[in-house]
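Below is one structure; the comments refer to it alone.
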Amino acid sequence: MAIFSKSNVPQFSVDVYQNEYLPEGGREVNAVVTVTATGGGTIGSAVAAPHLYAPGEGPSAAVVLMVDCSGSMDHPPTKMRNARDATAAAIDTLRDGVHFAVVAGTHLAREVYPGDGRLAVAGPDTREQAKQALRKLSAGGGTAIGTWLRRADRLLASADVAIRHGILLTDGRNEHESPEDLRAALDACAGRFTCDARGVGTDWEVKEVTGIASALLGTADIVADPAGLAADFTRMMETAMGKEVADVSLRLWTPAGATVTFVKQVAPTVEELTGRRTEAGPRTGDYPLGSWGDESRDYHLCVAVPPAAVGREMLAARVSLVIPQPGGSVQSLGAQGLVRAVWTDDLAASTSINPQVAHYTGQAELAEVIQEGLDLRKVGDMDGATAKLGRAVQLASASGNADTAKLLAKVVDVVDAATGTVRLKTKVEEADEMTLETRSTKTVRVKK
């Protein structure tokens, strides 16, 4: 384990968990890499409150809040009021000195505060002005989320800050632009700012909201009851205020003849990173990890190495953490981990599966079979849905993922969790199904 130490930023460490032993001729090396940042903007598992910072302290940051103001937000009328209250609560949570703006999203993107393509600087006066401006928000119009994101990107780019973040709320489907337009907007914004996305009520499309958060390395969730928006927005903003280091990348070097099969985040959520690789030199690639405060995340790496005879050893991969800099240079965060391969004729050694690797392989499968099961249920394949969701119940039970098990129990009747024997419920609340789908990628960490 190596640790990066520098004042006013977290210290980063990297730990590698693996079974390095392969049978003669074996090629596949698996490892779980735990990246931990400590001493940053959060304390333990609780975010440091903004008032703990003196004015001007903490990392330089900018936040844009994108609030759905389409016509559906007026059904019921309390939804728009809850959205205004939630945005006001988030503004109250901003740390002094943070740049911010509010955008009203319909089929257009309108700057609510401060306007004219500018960002305000958080303080007592600007917070109050912003909350006054929120009172004028009303519902009307369509939904074109790509325009909201592009407007947020322009606003955030105007600030010379370390952390750029968006918070997006929608209650409906993205009906006033094509999927291609939204994808183009996400591609344009990726790597420029991170974004948390929330769906309120049950009339929005889960895959749209989770896709936005995934592309922009943020979180996604459902707020089925609009009355819960203020608490959720406050938590999101507290977490954003706890971020200290932006644009961290996991750098993976592999030797000649080796290839990276996949890289995925496996805790706190499952997130595929393989296709996001950018080349960073001979046999070296960078995988974006987003912004960090005081937190820990786990990543599953799989590398295919050239087969070798018993007794041979090799370095299968070197893992490090960097922050890309303008002009192609990088700032090293000093933390490094090594993934090894050792060929042996000891059958017990070569067939043993590392507990961390086994656990997260199951968690990744859990997320996959939930999505597959719900998709099959939507198209009427009840036998296929039962099989997939039964497997999900089995995996959730075996791994101790109690939260997911509770969500599954609202969609299926569990006969025997250990064997995955279930029956589909004849009637399922839409909010329960959407909650399961939205939170299907949340994982529990293995006890090390």
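Position 1 is the first residue of the sequence; numbering continues from there. Values reported hereafter were calculated over all heavy atoms of this structure, with side chains retained and with hydrogens, waters and symmetry mates removed.
T441 and T269 form no side-chain donor-acceptor contact under 3.5 Å, judged by distance and modelled atom types alone. There is no side-chain donor-acceptor pair under 3.5 Å between H176 and T143. Defined by atom type and a distance below 3.5 Å, a donor-acceptor pair is missing between the side-chain atoms of N174 and E205. Looking only at atom types and distance, the side chain of Y360 has a donor-acceptor partner in the side chain of D298 under 3.5 Å away. Checking D181 against S178 by side-chain atom types alone, a donor-acceptor pair falls below 3.5 Å. Inspection of the S70 and D68 side chains reveals an N or O donor paired with an N or O acceptor under 3.5 Å.
For S60 (side chain) and A162 (main-chain N/O), a donor-acceptor pair under 3.5 Å exists by modelled atom type. Put simply, the side chain of W148 gets close to the backbone of T106: a donor and an acceptor are under 3.5 Å apart. Counting only distance, with no hydrogens or angles, the side chain of D171 and the backbone of G201 share no donor-acceptor pair below 3.5 Å. A donor-acceptor distance shorter than 3.5 angstrom exists from the side chain of T284 to the backbone of P282, with no hydrogens or angles considered. A donor-acceptor pair under 3.5 Å links the side-chain atoms of N19 to the main chain of S352, judged by distance alone. In this structure, the side chain of E272 engages the main chain of T274 through a donor-acceptor pair within 3.5 Å.
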Start with the C-alpha distance between V263 and R277, add both sets of side-chain angles, then the distance that settles side-chain contact (heavy atoms from CB on, under 4.5 Å), and finish with yes or no.
-> CA-CA 9 Å; V263 177; R277 175 184 173 112; over 6 Å; no
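Counting non-hydrogen atoms of other residues, nucleotides and ligands closer than 6.0 Å to NZ of K207 gives a total above 12. A 6.0 Å sphere centred on NZ of K406 holds no more than 12 heavy atoms belonging to other residues, nucleotides or ligands.
Between H300 and F262, the angle of the ring planes goes over 60°, which puts this pair in the perpendicular group of the 30/60° scheme.
Sorted by first then second residue, the side chain to side chain donor-acceptor pair (under 3.5 Å) pairs that include residues 212-230, not counting sequence neighbours, are D196-T219, R198-T219, S214-E271, S214-R276, D221-R439.
For M382, the side-chain contact (heavy atoms from CB on, under 4.5 Å) criterion is met by R377, L424, not counting sequence neighbours. Remark: R192 engages D153, A157 in a side-chain contact (heavy atoms from CB on, under 4.5 Å) (not counting sequence neighbours).
Between M434 atom CE and E429 atom CD the span is 13.0 Å, to the nearest 0.5 Å. Here the CG-CZ distance, from L22 to R27, works out to 11.0 Å after rounding to the nearest 0.5 Å.
At a threshold of 4.5 Å between non-hydrogen side-chain atoms, the residues L155 and F193 do not count as touching.
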